[in-house]
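Only one structure is covered here, and it is reproduced in the block below.
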Amino acid sequence: MTYDAIIIGGGAAGLFCAIEAGKRGRRTLVIEHNQQVGRKILISGGGRCNFTNLDTTPENFISENPHFCKSALARFTPADFIRLVRKYRIDYYEKKLGQLFCRDNSRQIVDMLLAECSRAGVEIKVGCKVDAMSSDNRFRLDTTLGQLEAENVVIATGGLSYPKIGATGFGYKIADQFGIERTKTRPSLVALVANVPGGHSKLAGISVDAIAACGKNSFRENILFTHRGLSGPAILQISNYWKSGDSVSIDLLPETGVRELLEANRDRTQKTAANFISEFLPQRFVEHLAGSSFPNKPLNKLNDAEIDRIAKA
Ligand SMILES: Cc1cc2nc3c(=O)[nH]c(=O)nc-3n(C[C@H](O)[C@H](O)[C@H](O)COP(=O)(O)OP(=O)(O)OC[C@H]3O[C@@H](n4cnc5c(N)ncnc54)[C@H](O)[C@@H]3O)c2cc1C
């Protein structure tokens, strides 16, 4: 069977590419080795798919070729995707910072992409694995459903994360086979393993609005203490910039510093430092931090050295 375009991988990228090829009148086939397309979309955004961000700019993307994002975003904007979502009457909401999520579930986004594929005349084969690919004047694919041929092949098999739901290194294998240079892979958008003073178990589950910074990059969102270190949106973002040996700093009181806060309120409250700071940070966290090291006396009785000790804790 011969196609104008075969797209290997039925994820977000592959389905979208297929829709555009189909709209241009190309005889298009998507090959997906899972029994269903879009499994990563289904788990995205905690099952509600953060399908676009209102203020997306090319600067939000990390790329060896920043110009690619400029042209891609100029040709298809967040507003274009929102228009598509509205066309399918998918109810959505802004969670925060311009992040748009489905109100019901991510399945709606997969169904929308499948409906668009169908309108564009795209054929989809699921449960079909590509074992090998060769090319002379056209591409030949050996698949579990037989041999297929195409004028053009798009590799949309995604990255390596989440092999349990179908991720493979197929794209990298093909790049190597065809002598295409590729960048080194490394973990991205991941939690960090870290030593937390006093151990993790007492802090696990606590979430704090904070600034996580590494070098000249910083993100303000929640951080989450885990049993092994830190996670949460700000940590996932900063993990993209962290390299072995770098330090990550966390500002738990972004609006003001602890020292400034204590000094400004020194004469205004009878509360202990721990009780006072608990008004700004989760109590369980402050109790852990305070331990036996915060002086157990009212704020207005603290001397400069004691304030200094608390600020450095
Ligand atoms: C937990 C989690 C939450 C996320 N949340 C969001 C979010 O809310 N918003 C957002 O924008 N992004 C989110 N992402 C990222 C987003 O899901 C991915 O960037 C996106 O799905 C990548 O799409 P893709 O098409 O490039 O790759 P994939 O979705 O990985 O698709 C590749 C497809 O190729 C198939 N395949 C692989 N090898 C072969 C082969 N040899 N033959 C045939 N088929 C093959 C795979 O089965 C897969 O279906 C999240 C990711 C994760 C892991």
Side-chain angles (χ1 to χ4, degrees), residues 1-44 49-52 56 68-90 92 100 102 105-159 165-168 170-171 174-175 178 180:
M1 184 75 83
T2 302
Y3 293 86
D4 294 324
I6 292 182
I7 289 138
I8 308 176
L15 293 175
F16 221 85
C17 177
I19 292 163
E20 292 305 311
K23 278 186 196 164
R24 286 166 174 72
R26 304 290 191 278
R27 184 150 195 242
T28 306
L29 170 72
V30 174
I31 295 177
E32 168 57 53
H33 71 161
N34 281 334
Q35 292 302 329
Q36 57 176 155
V37 297
R39 283 195 65 188
K40 214 173 247 181
I41 302 174
L42 292 178
I43 62 163
S44 69
C49 188
N50 172 201
F51 58 81
T52 196
T56 304
F68 172 78
C69 293
K70 285 183 194 157
S71 61
L73 280 177
R75 292 173 70 177
F76 195 85
T77 65
D80 291 323
F81 202 85
I82 294 168
R83 216 168 289 124
L84 189 59
V85 165
R86 285 199 177 136
K87 182 171 132 188
Y88 283 85
R89 298 180 189 285
I90 297 172
Y92 63 88
L100 303 190
C102 297
N105 55 55
S106 313
R107 155 71 46 204
Q108 295 172 293
I109 298 293
V110 176
D111 289 344
M112 176 188 85
L113 294 173
L114 283 173
E116 284 289 294
C117 279
S118 168
R119 285 166 68 103
V122 171
E123 195 183 326
I124 297 176
K125 285 186 194 293
V126 293
C128 177
K129 184 166 172 281
V130 181
D131 293 319
M133 184 169 111
S134 60
S135 78
D136 34 51
N137 58 343
R138 62 178 55 202
F139 292 96
R140 273 193 189 79
L141 308 183
D142 294 325
T143 80
T144 45
L145 297 180
Q147 200 173 68
L148 300 165
E149 288 185 3
E151 295 288 330
N152 303 283
V153 167
V154 175
I155 309 292
T157 46
I165 56 167
T168 68
F170 183 80
I174 294 297
F178 285 84
I180 298 166

Are the side chains of [Y] and [X] in contact, using a 4.5 Å heavy-atom criterion?
| X | Y | result |
| --- | --- | --- |
| Ile174 | Val130 | no |
| Cys49 | Ile41 | yes |
| Leu148 | Ile31 | yes |

To the nearest 0.5 Å, what is the distance between CD on Glu149 and CG on Asp136?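 It is 8.0 Å, given to the nearest 0.5 Å.
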Value for CD (Gln147) from OG1 (Thr2), rounded to nearest 0.5 Å, stands at 9.5 Å
Determine the minimum heavy-atom distance between [X] and [Y], stating which atoms define it.
| X | Y | result |
| --- | --- | --- |
| Gly159 | Ala167 | O-CB, 3.4 Å |
| Ala18 | Val122 | O-CG2, 3.3 Å |
| Thr28 | Gly22 | OG1-N, 3.7 Å |

Stepwise, does the side chain to side chain contact (heavy atoms under 4.5 Å, CB included) test hold for Leu141 with Ile8? CA-CA 10 Å; Leu141 308 183; Ile8 308 176; 4.1 Å; yes
If only atom types and distance count, is the side chain of Asp111 paired as donor or acceptor with the main-chain N or O of Leu113 below 3.5 Å?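 Looks like no, no N/O pair under 3.5 Å.
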Does Asn152 use its side chain to pair, donor to acceptor, with the backbone of Asp4 at less than 3.5 Å?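 Between the backbone of Asp4 and the side chain of Asn152 there is a qualifying donor-acceptor contact (under 3.5 Å).
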Check whether more than 12 heavy atoms from other residues, nucleotides or ligands sit under 6.0 Å from atom CZ of Phe76, and answer yes or no. yes
Salt bridge flag under 4.0 Å for residues Glu20 and Arg75: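 No, no charged N to carboxylate O under 4.0 Å.
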Is Asp131 paired with Lys129 through a side-chain N to carboxylate O contact shorter than 4.0 Å? yes
Any side-chain donor near an acceptor of the partner, Tyr92 and Arg86, under 3.5 Å: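 Tyr92 vs Arg86: donor-acceptor pair found between side chains.
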